[in-house]
Structures are given as structure tokens and as C-alpha cells.
Amino acid sequence: MPELPEVETTRRGLERHLEGQRIARITVRDRRLRLPVPRRLPSLLGGATIKALTRRGKYLLIDCGAGTLIIHLGMSGRLWLPDPATPPEKHDHFDLLLANGTVVRLRDPRRFGLVVWQRGDPLRHRLLAHIGPEPLSAQFDGTVLHRATRNRSAAIKQVLMDSRVVAGVGNIYANEALHRAGIHPGLEARRLTLARCGILVEKIRETLNAAITAGGSSLRDYVGSDGMAGNFQSEFLVYDRAGKPCVTCGAPLRGIRQGQRSTFYCPKCQKR
DNA sequence: CGCCAGGCCTGCACGC
DNA sequence: TGCGTGCAGGCCTGGC
């Protein structure tokens, strides 16, 4: 499911319901996620008060003071507030019950997501420690991208999806941003000029911001934390549109494979 | 049945 | 020898 915009949409939807609330109970129904959900979670979290809900890349961080609950939604995860009377379903692996009765529920059929605990600074966790700059922050600009790509012979699209280069850009938004920037996804990353790096950064931001504004993209089962589906998928210019006309020039869009992932691009608008 | 799917970690091979 | 890099495989379920 989720790339940065979907995770950010989830964060924004949950934030005001979580912050300042005390955690009354934890229910773990299946701890077999990408990493096992720690057994000691209930004792670590019970009675803790949530200080903030933040995001780093595609990770959600629930700051509980003494430590942080780190949640990743993987490919198929969703975190939302069900009606507390709604019984959990088959893939509802994890619930937080807040003292005011609110239930925060994690559903993840494929179990590529995770829930872990980090004492102290969550950014020191090994999963977060080497993540690159946030794409919507001032830490990420054309110069930074240019430097990060200098010795990379891999295709720019694959390098964009490398979380050490920039956080949170997944398959959909790598495709979309490259189209908007007029850059061929197969271009060797180190061949990008500084000027084009600047344009690409701008287009990555533009794409992510537009997606966040639309409430994320709803493919298959994804819906936001309020139960509302995002609708950025209706604004996709290239993703999953192989053979359809380019919105800009009308040429048929191409679908190829890069590193076992689907790539879509316009052979006319996107230059090497 | 086989293939595909929004992620991302691991281990191996390779070149400098 | 060591490091960075590139690539394939694996983790899962569900839908077509």
C-alpha cells in the first residue's frame, strides 16, 4: 500500500486522536510481522502517554516519552481507528486501546509491516539510522541529490527508491516524479546534471505534496485513517498506464521492468 | 495454475 | 583485504 503520502495521510488523520492520550491496553493477535512484535510491548507501553505522532520516511513514530513505538505498513498495512465495537478481522494483528476508548488498529494481510520499540532516540534504531533526507525538507535539494548520485551507475529510478538517497519515495511516486521531470527512468544516475537534479527534486516534492493533498492513493484495499479513500490514483500520469496515451504528448506510454519492479514512462517526453 | 502487487532487508558476486 | 555497489531472493496473502 503505502508510500510517503499514504503514511503522511495516516499520520495526519490519527495525530489529534492520539496525542496526549494514555495507552490503556495493547492487544497483539499475531506477532509474526517482518520483525516479531516484541513480547514485552504491553509492559513497556501500558500506562504510557502518547507525546507525539511523527513520521520518518515511511515509518510512523509514536513517541511515548521513555521510548517510541515504530510502525511500518509494508506493502499491505493500514492503521486506522475502527469503531470500538467492530470486532477484529483475520489480518488485524495489533490494537492499541486508549484510555478514552479509542482503538488504533493495524491490519496487514501480507505481514511485511512491523511494530517495534526503541528506547530513547528512535532515529538511532538500525532501521532508521541510515535513511536519507526527507524529500519535503530543506535537507533535500538538487545539490544533495547530485552528490548522492555521482558514483551510481544504476538507473535513476532505482536510485530514487534507495532509502539512503532520499526517504519515502516508492515505486509509484518514483515513476510519477520522473515523468513530471522529463527524465527517462533508465538513465544512469551519475549522468544526471546538477540542473536536472534540481528539477527532479522539485518534481518529487510537487508529486508528493499533490498526493498528500489528495489524501494519498487508494489501490486495492488502502483507505486512510478516517476510512476515506485517497484519490491521487486518478491523477497518475504514468503509473499502471502502459499503452495509454501520454497526457502531455499523446504517445503511448511504456511499461518495463527495472530491478523486479514495474516502471512506466513516456518514451517521447522523458529523455536520457 | 502462474503471475502480479504500493517495501525493504539480506546475502552474494563483482570491480576498484 | 575491504569497501561500495548491483542484483536476486525472500518474506507473505490475495486477486486476476
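Just so we're on the same page: letters track the sequence lines, and every chain starts at 1.
Taking for each of A/Ser163 and A/Arg110 the nucleotide of DNA chain B with the nearest heavy atom, the 5'-most of the two is the partner of A/Arg110. Positionally, the nearest nucleotide of DNA chain C for A/Ala154 lies more toward the 5' end than for the other of A/Ala154 and A/His91. Checking A/Asn171 against A/Arg126, the closest nucleotide of DNA chain B that is more toward the 5' end is the one next to A/Asn171. Each of A/Lys90 and A/Arg34 has a nearest nucleotide on DNA chain C; the 5'-most of these lies closest to A/Arg34.
At a threshold of 4.0 angstrom between heavy atoms, the contacts of A/Tyr59 are confined to the sugar-phosphate backbone, with no base atom among them. In this structure, A/Asp108 reaches neither bases nor backbone, as no heavy-atom distance under 4.0 Å exists between it and the strands shown. In this structure, A/Arg32 reaches neither bases nor backbone, as no heavy-atom distance under 4.0 Å exists between it and the strands shown.
Note on ring orientation: taking the six-membered ring where Trp is involved, the planes of A/Phe264 and A/Tyr239 are perpendicular (angle over 60°, cut-offs 30° and 60°).
To the nearest angstrom, P of C/dG9 lies 13 Å from CZ of A/Arg257. Protein atom CG of A/Asp162 is 13 Å distant from nucleotide atom C1' of C/dC7, rounded to whole Å. Note: CZ (A/Arg152) to P (B/dC16) measures 17 Å, nearest angstrom. The distance between atom CD1 of A/Ile71 and atom C1' of B/dG7, rounded to the nearest whole Å, is 16 Å. Taking atom CZ of residue A/Phe112 and atom P of nucleotide B/dC9, one finds them 13 Å apart after rounding to whole Å. Rounded to whole angstrom, the span from the CG atom of A/Leu73 across to the P atom of C/dT13 amounts to 18 Å. In this structure, A/Lys157 atom NZ and C/dG6 atom C1' are separated by 15 Å, rounded to whole Å. Straight-line distance from the CG atom of A/Asp92 to the C1' atom of C/dT13: 14 Å, rounded to whole Å.
Listed here is the closest heavy atom pair of A/Thr248 and A/Cys269: CB-SG, 3.9 Å.
Look at the P atom in both C/dC12 and B/dG11: the space between them is 16 Å, to the nearest Å.
Of the side-chain N and O atoms in A/Arg261, one or more sit less than 4.0 angstrom from OP1 or OP2 of B/dG7. The phosphate of C/dC11 (OP1 or OP2) has no side-chain N or O of A/Arg111 nearer than 4.0 angstrom. Contact between the side-chain N/O atoms of A/Ser153 and the OP1/OP2 oxygens of C/dG6 is found at a separation under 4.0 Å.
Heavy-atom neighbours of A/Arg190 CZ from other residues, nucleotides or ligands within 6.0 Å: above the threshold of 12. The number of heavy-atom neighbours closer than 6.0 Å to CZ of A/Arg205, taken from other residues, nucleotides and ligands shown, is above 12.
In this entry C/dG10 has B/dC8 as its Watson-Crick or G-U wobble partner, both defining distances falling under 3.5 Å.
At a threshold of 4.5 Å between side-chain heavy atoms, the hydrophobic network of Ile, Leu, Val, Met, Phe, Trp and Tyr places A/Ile156 and A/Phe140 in one connected group. No path of Ile, Leu, Val, Met, Phe, Trp and Tyr side chains, each step under 4.5 Å between heavy atoms, connects A/Ile199 with A/Leu178, placing them in separate hydrophobic clusters.
Of the candidate nucleotides C/dC11, C/dG14, B/dC4, B/dC4 has the atom nearest to the side chain of A/Ser262.
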